[in-house]
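No experiment lies behind these values; they were computed from the predicted model shown.
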Amino acid sequence: MRARPVVVALFLLGLSCMGGAQNPGETPVTTTLMSWNVQGQVTLDGEAPLVAAIATRIAASAPDFVGLQECVRCDRLESRLPDRYRILGPGHTGVAIAYDTGLWDVAETGELLLGSNDDGWGDRIARWGRFRHRASRRSLYVYSTHWCVTVRRSDDRCDPARQLDYARALIEHMDSRRHGKAPVVLAGDLNVFDGFEDAEPMRYLLANQMVDAFRAAHPTRESPTFEGNHFAPAGRIDYLLAARPVQVLSASSPEQPGASDHRPVLATVSFPGSR
């Protein structure tokens, strides 16, 4: 969710085999990912301890990728991460992707505009990149996004139908960009307050071959990722989704008191990839 004029986005995983087996003869690549709305903390003067806490959690988890949202001054965060990490973006939207340069190279990258000022908080985008695994030369698409808020004001344009437009635009873009059989990961703060994981935009994504990694790993566990505020309820609005086929190996959403009003989402997955 967005409590300041900044934008969000992030990522995946769980215990379960989703979408079919790996192709015979291919060595799967195992990838650890994180998605985290950092609540704009890196924009605030005098908040160095909070930035340090976020950087410490990321470094301890050692993800290949982090989908970041509300990271307007990501340079402050990047300076506190291990030297191997670089951050793509975020520009004015606060949506960024951090990646481990020791494991992955950037093949191409860009932005997809989803909406302009639908909730009074500026552009909503998806930042994407195609990354090539250094060891296997296989590709992976990573998307980080932050959707508009449906419960901010009754006269905002943002509603479940508008979020469904976002979901459709993302699926269309993914389908148009696919490089061979390269798998796709979508990480983000989707702000799906109208039904949470049962919201219509979520049902659309899942019906279009996306797997909710946390739910795949934990079929019945309740795990709100947003603590709520004066106008928005607590609930699970942060997701890591992966396009089939993917094998979800683990997933979690640990508490991080004081670092953000969102929990990070963590996952490890195995995917067949493509050369």
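Between Thr150 and Asp194, the side chains place a donor N or O and an acceptor N or O closer than 3.5 Å (distance only, hydrogens not considered). Between Trp104 and Asp64, the side chains place a donor N or O and an acceptor N or O closer than 3.5 Å (distance only, hydrogens not considered). Side-chain contact of Thr101 with Arg86: a donor-acceptor pair under 3.5 Å is absent, judged by distance alone. Looking only at atom types and distance, the side chain of His133 has a donor-acceptor partner in the side chain of Ser136 under 3.5 Å away.
Closest approach of Ser260 to Asn37, counting heavy atoms only: OG-O, 2.7 Å. In terms of heavy-atom proximity, Tyr166 sits nearest to Gly115 at OH-CA, 3.8 Å. Across all their heavy atoms, Ala98 and Ile87 have their closest contact at CB-CG1, 3.8 Å. The minimum heavy-atom distance linking Pro90 with Cys74 is given by the pair CD-CB, 3.8 Å. When all heavy atoms of Met174 and Val184 are compared, the pair lying nearest together is SD-CG1, 3.8 Å. Nearest heavy atoms, Gly102 versus Arg134: O-CD, 3.7 Å.
Distance alone, capped at 3.5 Å, is enough to place a donor-acceptor pair between the Arg215 side chain and the His218 backbone. In this structure, the side chain of Arg152 engages the main chain of Asp119 through a donor-acceptor pair within 3.5 Å. Proximity of a side-chain donor or acceptor of Thr268 to a complementary backbone N or O of Ser250 within less than 3.5 Å is not detected. Put simply, the side chain of Asp156 never gets that close to the backbone of Cys158: no donor and acceptor are under 3.5 Å apart. Between the side chain of Tyr239 and the backbone N or O of Ser35, no donor-acceptor pair lies under 3.5 Å. Using a distance-only test at 3.5 Å, with no hydrogens or angles considered, no donor-acceptor pair links the side chain of Ser61 to the main chain of Pro63. A side-chain donor-acceptor contact under 3.5 Å links Thr109 to the backbone of Trp128. Using modelled atom types, no side-chain atom of Ser253 and backbone atom of Val265 make a donor-acceptor pair closer than 3.5 Å. Between the side chain of Glu70 and the backbone N or O of Gly94, no donor-acceptor pair lies under 3.5 Å. With Ser252 contributing its side chain and Pro254 its backbone, the two residues share no donor-acceptor pair below 3.5 Å.
Residues Phe214 and Ser223 form a side-chain contact, since some pair of their non-hydrogen atoms from C-beta on lies under 4.5 Å apart. Looking only at side-chain heavy atoms (C-beta outward), Ile58 and Thr56 stay at 4.5 Å or farther from each other. Side chains of Phe196 and Pro233 form a contact here, defined as non-hydrogen atoms less than 4.5 Å apart. Glu197 places none of its side-chain heavy atoms less than 4.5 Å from the side chain of Val192. Using a 4.5 Å cut-off on side-chain heavy atoms (C-beta onward), Arg177 and Glu108 make contact.
For residues 250-260, every residue pair satisfying the salt bridge (Lys or Arg N to Asp or Glu O under 4.0 Å) rule, not counting sequence neighbours, is listed here: Glu255-Arg263.
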Cys148 vs Trp121, side-chain contact (heavy atoms from CB on, under 4.5 Å): CA-CA, chis, key distance, verdict:
CA-CA 8 Å; Cys148 64; Trp121 277 328; over 6 Å; no
Kindly determine whether Val211 and Leu241 satisfy side-chain contact (heavy atoms from CB on, under 4.5 Å), including the steps that lead there.
CA-CA 5 Å; Val211 174; Leu241 305 173; over 6 Å; no
Please report the C-alpha distance between His92 and Asp123 in whole Å, then the side-chain angles of each, then the deciding distance to 0.1 Å, and finally whether the side-chain contact (heavy atoms from CB on, under 4.5 Å) criterion is met.
CA-CA 9 Å; His92 69 286; Asp123 290 344; 3.3 Å; yes
side-chain contact (heavy atoms from CB on, under 4.5 Å), that's the test. Do Phe65 and Val185 meet it? Break it down for me.
CA-CA 10 Å; Phe65 300 96; Val185 169; over 6 Å; no
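For Asp83, there are no salt bridge (Lys or Arg N to Asp or Glu O under 4.0 Å) partners, not counting sequence neighbours. In this structure, the side-chain hydrogen bond (donor to acceptor under 3.5 Å, both in side chains) partners of Glu111, at least two apart in sequence or on a different chain, are Arg127. Arg57 meets the salt bridge (Lys or Arg N to Asp or Glu O under 4.0 Å) test with no other residue; sequence neighbours excluded. Judged as a salt bridge (Lys or Arg N to Asp or Glu O under 4.0 Å), and not counting sequence neighbours, Glu222 has no contacts.
Here the CZ atom belonging to Arg236 is positioned 11.0 Å from the CZ atom belonging to Arg221, to the nearest 0.5 angstrom. Note that CG of Leu170 and CG of Leu190 are 8.5 Å apart. Values are rounded to the nearest 0.5 Å. Atom CG of Leu33 sits about 9.0 Å away from atom CG of Leu266, to the nearest 0.5 Å. Taking CD of Gln256 as the reference point, atom CG of Leu50 lies at 12.0 Å (rounded to 0.5 Å). The distance from the NE2 atom of His173 to the CG atom of Leu114 is 9.5 Å, given to the nearest 0.5 Å. Between the CG atom in Leu68 and the CD1 atom in Ile97 there is a gap of 9.0 Å [rounded to 0.5 Å].
With respect to the salt-bridge test (charged N to carboxylate O, under 4.0 angstrom), the residues Asp105 and Arg132 do not qualify. Remark: Arg162 engages Asp165 in a salt bridge, criterion side-chain N to carboxylate O under 4.0 Å.
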Side chains of residues 200-207: which donor-acceptor pairs under 3.5 Å do they make with residues two or more places apart or in other chains?
| unit_1 | atom_1 | unit_2 | atom_2 | d |
| --- | --- | --- | --- | --- |
| Arg203 | NH1 | Asp198 | O | 2.5 |

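Under the 6.0 Å cut-off for aromatic ring centres, Tyr85 and Tyr99 do not qualify, their centroids lying 6.0 Å or more apart. Under the 6.0 Å cut-off for aromatic ring centres, Phe131 and Tyr141 do not qualify, their centroids lying 6.0 Å or more apart.
Of the candidates Thr31, Thr30, Val269, Thr30 is the only one forming a side-chain contact (heavy atoms from CB on, under 4.5 Å) with Leu249.
His262 and Phe226 have tilted rings, their planes meeting at an angle from 30° to 60° on a 0 to 90° scale.
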